[in-house]
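It should be emphasised that the depicted structure is a prediction, and the values quoted were computed from it without experimental measurement. Each chain gets a letter, A, B and so on, in the order its sequence line appears, and its residues count up from 1.
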Number of protein chains: 2
Amino acid sequence: MKLSLRGEYALRALLVLGMNTDKEVVRIQTISDEQNIPKRFLEQILNELKVAGILESRRGIAGGYRLKSAPEKITLAEVIRLIEGPLAPVSCVSEKFYEKCTCPDEAKCGIRSVMKDVREAIVKVLEQVTVAQLCDRARMLEGQVANPLDYVI
Amino acid sequence: MKLSLRGEYALRALLVLGMNTDKEVVRIQTISDEQNIPKRFLEQILNELKVAGILESRRGIAGGYRLKSAPEKITLAEVIRLIEGPLAPVSCVSEKFYEKCTCPDEAKCGIRSVMKDVREAIVKVLEQVTVAQLCDRARMLEGQVANPLDYVI
DNA sequence: GCTATACTCTATCAAAACAGTAGAGTTAAT
DNA sequence: ATTAACTCTACTGTTTTGATAGAGTATAGC
């Protein structure tokens with residue numbers, strides 16, 4: 001039931017980019033340094049996110065990456081689906097990547113029924129959480145104020 | 001986020017064994033036939049479940065496997081943990097298989113925070129569902145009566 | 001006891017996935 | 001023109017996965 005390192009790196013990169021929406025772009029090198037990710041590996045991942053329309057980039061000496069849309073619009077579910085494929089533990093219960101399995105009768109499969117519940121549980125979390133919220137959580141854990149309004153008397 | 005075929009086969013075998021608690025034992029061949037699982041591969045898996053104390057076996061000409069404890073006592077979580085390892089998507093949030101990750105500071109990691117939620121969601125389902133319930137679901141889907149008491153007027 | 005048929009144990013193996021490296025190319029600010 | 005960034009494609013070593021194979025051990029029934 002694991003997320004690959006590739007997927008984890010993608011999320012870590014998005015976290016950095018989400019924390020830096022004030023800047024024009026962020027360089028790969030910066031992300032790589034901040035998050036301990038091999039630079040050449042990260043290049044591939046960021047490019048994939050760009051091709052998919054989640055990031056945009058600027059080339060040349062002042063180049064780098066930035067989020068293409070608002071951090072509130074990007075869910076972790078879409079990112080993981082892009083990098084990893086199905087969120088479902090078995091593809092015979094996947095919404096977006098359905099594949100037939102080898103069991104005698106899918107319609108009567110008890111395991112399938114349970115795995116549907118697991119899939120729903122996973123999707124419920126990951127489709128709800130956006131990059132913006134990811135950043136909020138990070139700020140919260142940093143001991144910073146996530147939302148100053150919470151502190152109004 | 002996938003379950004391996006090995007893990008799926010284990011669950012399918014347990015389903016068959018759970019449906020046949022009236023019999024002394026069930027032969028590997030029978031399970032293999034019923035569930036379309038390569039026999040020699042299934043042998044390994046069943047043996048692993050035996051070594052772990054989930055199944056017991058009888059050797060020789062009237063041999064086969066059976067559940068060691070009541071189907072109500074065996075959760076899918078323990079089976080999957082045995083065959084697959086951690087239920088958590090990243091091992092830095094795993095209860096039973098914790099491993100440190102490469103992020104700069106685990107305590108302040110926003111991703112870790114989200115992945116904890118995912119882990120909880122998965123565990124909540126899989127620790128609740130037993131082999132007995134797996135069989136109930138299968139019977140339900142078969143159109144059979146899961147619990148005859150439901151039909152008392 | 002012999003035999004047939006089951007489980008048991010260990011080894012091996014091919015293919016795929018994973019994680020990372022490499023090199024040559026393109027773009028753009030200075 | 002130079003430099004420092006992204007881009008594109010290919011390759012490579014390692015691990016995991018999904019099996020297959022063979023020799024061995026137990027046991028019911030005759």
Side-chain angles (χ1 to χ4, degrees), chain A residues 1-13 17 23-33 35-66 68 80 83-86 89-91 97 99 101-102, chain B residues 1-13 17 23-33 35-66 68 80 83-86 89-91 97 99 101-102:
Chain A
M1 317 280 279
K2 283 190 83 69
L3 187 70
S4 70
L5 263 184
R6 196 179 174 84
E8 197 189 318
Y9 289 164
L11 297 183
R12 304 227 306 247
L17 291 171
K23 303 199 178 60
E24 280 291 298
V25 293
V26 181
R27 282 180 305 140
I28 293 176
Q29 187 67 61
T30 307
I31 301 173
S32 161
D33 290 345
Q35 292 288 331
N36 298 319
I37 303 171
K39 190 190 161 198
R40 296 303 305 266
F41 194 25
L42 183 57
E43 281 182 15
Q44 289 174 21
I45 298 166
L46 293 179
N47 195 245
E48 192 174 346
L49 292 173
K50 194 199 88 172
V51 170
I54 292 172
L55 302 182
E56 54 192 8
S57 67
R58 181 194 295 171
R59 293 168 76 151
I61 202 161
Y65 282 93
R66 57 183 294 175
K68 186 159 183 181
I80 296 178
I83 302 283
E84 305 273 311
V90 290
S91 3
F97 299 85
E99 269 176 76
C101 84
T102 64
Chain B
M1 318 280 281
K2 282 189 83 67
L3 186 72
S4 70
L5 263 185
R6 195 181 175 83
E8 197 190 317
Y9 289 165
L11 297 183
R12 305 228 305 248
L17 291 170
K23 303 200 179 58
E24 279 291 298
V25 293
V26 180
R27 282 181 304 140
I28 294 176
Q29 187 67 61
T30 307
I31 301 173
S32 161
D33 290 344
Q35 291 288 331
N36 298 320
I37 303 171
K39 190 190 161 196
R40 297 301 306 266
F41 194 24
L42 183 58
E43 282 181 14
Q44 289 173 20
I45 298 166
L46 293 179
N47 196 244
E48 192 175 347
L49 293 173
K50 194 199 89 173
V51 170
I54 292 172
L55 301 182
E56 54 191 9
S57 67
R58 182 193 295 171
R59 293 168 76 151
I61 200 162
Y65 282 94
R66 56 184 293 175
K68 185 159 183 181
I80 296 178
I83 302 284
E84 305 273 309
V90 291
S91 5
F97 299 83
E99 270 176 76
C101 84
T102 63

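Nearest-nucleotide positions on DNA chain C for A:Arg58 and A:Glu43 put A:Glu43 closer to the 5' end.
The 12-atom threshold is not exceeded at NZ of B:Lys68, counting heavy atoms of other residues, nucleotides or ligands nearer than 6.0 Å. For B:Glu99, the CD atom is loosely surrounded, since the number of other residues' heavy atoms within 6.0 Å does not exceed 12.
Here the P atom of nucleotide D:dT20 and the CG atom of B:Asn47 are 18 Å apart, to the nearest Å. The nearest whole Å value for the distance from the NZ atom in A:Lys39 to the C1' atom in C:dA22 is 13 Å. The distance from atom CD of B:Glu56 to atom P of D:dA26 is 18 Å, rounded to the nearest whole Å. Rounded to whole Å, atom P of D:dT16 lies 21 Å from atom CD of B:Glu8. Taking atom CD on B:Glu24 and atom C1' on C:dC7, their separation rounds to 16 Å, with Å as the unit. B:Lys2 has its NZ atom 13 Å from the C1' atom of D:dT17, to the nearest Å. Atom pair A:Tyr65:OH and D:dC6:P shows a separation of 7 Å (rounding to whole Å applied). Summarising the geometry, the separation between CZ on B:Arg66 and C1' on C:dA6 is reported as 16 Å, rounded to the nearest angstrom.
Residue-level contact check: B:Ile28 touches the backbone only, with heavy atoms under 4.0 Å from sugar-phosphate atoms and none from bases. Within the nucleic acid shown, A:Gly63 comes within 4.0 Å of sugar-phosphate atoms alone, with no base atom in reach, counting heavy atoms only. Heavy atoms of A:Gln29 sit nowhere under 4.0 angstrom from any nucleic acid atom.
A distance-only check finds a donor-acceptor pair linking the side chain of B:Arg12 to the backbone of B:Gln35 [under 3.5 Å]. For A:Glu56 (side chain) and A:Arg66 (main-chain N/O), no donor-acceptor pair under 3.5 Å exists by modelled atom type. One N or O on the side chain of B:Ser32 and one on the backbone of B:Ile37 form a donor-acceptor pair closer than 3.5 Å.
Comparing D:dA19, C:dA19, C:dA29 by their nearest atom to the side chain of B:Phe41 picks out D:dA19. Relative to the side chain of A:Ile61, the nucleotides C:dC9, D:dG18, D:dT3 differ in distance, and D:dT3 lies closest. Each of C:dA29, C:dG20, D:dA19 was ranked by its minimum atom distance to the side chain of A:Tyr9; first place goes to C:dG20. Checked against C:dA11, C:dA19, C:dT8, the side chain of B:Gln44 finds its nearest nucleotide in C:dA11. Listed nucleotides D:dG18, C:dG20, D:dT27 differ in distance to B:Arg59; the shortest reach to its side chain belongs to D:dT27.
Phosphate proximity of D:dA5 to A:Ser57: absent, as no side-chain N or O sits under 4.0 Å from OP1 or OP2. OP1 or OP2 of D:dA5 has at least one side-chain nitrogen or oxygen of A:Arg27 nearer than 4.0 Å. When the side-chain nitrogen and oxygen atoms of B:Lys50 are compared with OP1 and OP2 of C:dT8, one or more of them lie within a distance under 4.0 Å.
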